[in-house]
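See below for the structure under consideration.
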Amino acid sequence: MIETRIQVVDREQPDPAVIAEAADVLKRGGLVAFPTETVYGLGADALNVDAVRKVFQAKGRPSDNPMIVHFSSHAQLAELADEISKKGMMLAETFWPGPLTLVVDRTILVSEVVTGGLETVAVRMPDHPVALALIEALGSGIVGPSANLSTRPSPTTAIHVLEDLKGRIELILDAGPSDIGIESTVVDVTVDPPQILRLGGLTAEMIESVIGEVQIGRDDDRLKRSPGTRYRHYAPRARVVLIDQCDRERLEVLIQQYRQEGNQVGCIVHSGDLATVESSQFFHVLPSDTEFLARYLYRSLRELDQMKADVILVEKVREEGLGATVMDRLRKAARSTPDDA
Ligand code: TXA
Ligand code: MG
């Protein structure tokens with residue numbers, strides 16, 4: 001067991017001494033969880049294969065599920081990525097730093113351990129001063145899958161990271177809750193039209209407004225291209241059941257039914273119609289604006305899990321804008337078995 005320390009760090013003006021210490025841990029091949037604008041990432045030196053292997057181990061992540069490499073400068077990007085297509089460059093210029101991950105051809109500097117054997121690598125420049133300072137202090141890219149145990153919802157606070165990875169990593173940099181609260185959008189720009197492999201903080205409309213038509217991968221195709229989408233994901237321990245928007249009757253019936261079966265029932269709703277069904281710690285009312293809802297969704301799922309809910313009833317959201325990403329995650333959380341079991 002490793003002793004896991006939490007170090008608080010200012011989001012806007014990270015203390016250089018703290019960043020230097022964290023970078024030292026990375027230089028020695030250790031693991032540091034770090035904040036980004038989407039969710040917390042689990043960092044290791046991307047050029048140190050042994051350190052990258054430790055990340056797979058700490059998360060319990062299958063080794064064929066490739067990792068995102070985070071970078072902070074164009075010079076670092078050039079070390080990781082071969083030529084990037086024109087559309088890829090347009091997306092990069094518009095959205096970096098930000099919640100965009102591009103799948104591009106990798107250079108020989110990027111190990112197959114990072115890419116799960118693929119010839120491509122996923123890269124992202126995060127929009128977070130602490131993440132950027134850490135990468136700069138290391139001087140090269142850091143891998144950063146979400147800092148949760150495999151299959152669990154991504155962490156949006158340092159405490160979430162601790163819940164999952166205590167004893168498995170050296171350090172957690174705590175800069176407060178993540179702004180976006182949901183992962184980056186992954187776009188494969190090695191194909192034309194580019195293909196969205198995972199919806200995230202950027203919507204399909206935002207991407208299309210820059211480069212025109214994109215594909216949103218068909219399921220079987222997507223599985224080949226983005227191995228991570230094969231596995232169970234974003235799921236709390238509790239069983240997740242989705243309820244149609246504003247369907248108060250169904251919510252009330254299900255609450256009663258699950259309770260009668262002896263379950264502790266948690267609820268996550270957002271519409272005014274459902275907000276008044278109950279008031280208890282197990283009944284979470286999130287903001288109805290999807291941007292805010294996205295920010296608090298994982299936190300809410302984790303809190304209900306901590307409180308030992310057996311079933312979590314979640315109100316669906318309209319699939320517009322970020323709502324499409326939220327529904328993607330909710331559907332995955334509601335699946336009780338791995339897609340490829
Ligand atoms: O917002 C985020 O993206 C967060 C923060 C920490 O940056 N990171 C994150 O990483 O969510 P992770 O590893 O949990 O998800 C990365 C996704 C996985 O679905 C993985 O399969 C896919 O990106 N991916 C990585 N490399 C790929 C590649 N070369 N080709 C296709 N998909 C890839
Ligand atoms: Mg993840």
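Computed over heavy atoms, backbone and side chain alike; hydrogens, waters and symmetry mates excluded. Here the structure is a predicted model, which is why all the values come from computation and not from measurement. Residue numbers start at 1 and run along the sequence shown. As the structure lists them, so they are numbered: ligands from 1, and atoms in each ligand from 1.
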Within ligand 1, which atoms have a heavy atom of [X] less than 4.0 Å away?
X	answer
Ser146	8 (N), 9 (C), 10 (O), 12 (P), 14 (O)
Arg198	2 (C), 3 (O), 9 (C), 11 (O), 15 (O), 16 (C), 17 (C)
Glu183	1 (O), 2 (C), 11 (O)
Ile68	3 (O), 8 (N), 9 (C), 10 (O), 16 (C)
Gly41	6 (C)
Leu118	28 (C), 29 (N), 30 (N)

Does either side chain, that of [X] or that of [Y], offer a donor lying less than 3.5 Å from an acceptor on the other one?
X	Y	result
Ser184	Thr101	yes
Ser63	Arg53	no
Arg302	Thr156	no
Asp188	Thr190	yes

With ring centroids as reference points, do His284 and Tyr296 lie under 6.0 angstrom apart?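 Not under 6.0 Å, so no.
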Please confirm whether Arg61 comes under 4.0 Å of ligand 1, counting heavy atoms of the residue only.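 The answer is yes: ligand 1 sits under 4.0 Å from a heavy atom of Arg61.
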Any heavy atom of Pro126 sitting closer than 4.0 Å to ligand 1?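 Heavy atoms of Pro126 never come under 4.0 Å of ligand 1.
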Any donor-acceptor pair under 3.5 Å linking the side chain of Thr290 with the backbone of Leu322?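 No.
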Do ligand 1 and His70 have nitrogen or oxygen atoms that lie under 3.5 Å from each other?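 Looking only at distances, the answer is yes, because the N/O contact criterion of under 3.5 Å is met.
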With only distance considered, is Tyr40 within less than 3.5 Å of ligand 1 through an N or O on each side?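 No; the residue has no nitrogen or oxygen that sits under 3.5 Å from a nitrogen or oxygen of the ligand.
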Start with the C-alpha gap between Glu112 and Arg106, add the side-chain angles, then the distance that decides, and say whether salt bridge (charged side-chain N to carboxylate O under 4.0 Å, His left out) holds. CA-CA 10 Å; Glu112 289 194 356; Arg106 70 176 168 92; 3.4 Å; yes
Among the clusters formed by ILVMFWY side chains lying less than 4.5 Å apart, do Ile211 and Leu199 turn up in the same one?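 Yes.
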Mind checking whether Ile312 and Leu274 sit in one hydrophobic cluster, side chains of I, L, V, M, F, W, Y counted as touching below 4.5 Å?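 Per the 4.5 Å side-chain linkage, Ile312 and Leu274 are not co-clustered.
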Carboxylate-amine/guanidinium proximity below 4.0 Å for Arg295 and Glu291: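 No salt bridge links Arg295 with Glu291.
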Only heavy atoms count here, so choose which of Ser150, Pro66, Ala33 is nearest to atom 27 (C) of ligand 1.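 Among Ser150, Pro66, Ala33, the closest heavy atom to atom 27 (C) of ligand 1 comes from Pro66.
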Nearest non-hydrogen atom to atom 21 (O) of ligand 1 belongs to which of Asn65, Val55, Val123?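 Checking each option, the heavy atom nearest atom 21 (O) of ligand 1 is found in Asn65.
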Side chain, backbone, both or neither: the part of Val103 lying under 4.0 Å from ligand 1 by heavy atom: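 Side chain only; the backbone of Val103 stays clear of ligand 1.
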Ligand 1 contact on Leu197 by region, counting heavy-atom pairs under 4.0 Å: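 For Leu197, the contact with ligand 1 is made by the side chain alone.
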Got a sec: is Asn148 within less than 2.8 Å of the Mg ion (ligand 2) via an N/O/S atom?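 No - counting backbone and side chain alike, Asn148 has no N, O or S atom under 2.8 Å.
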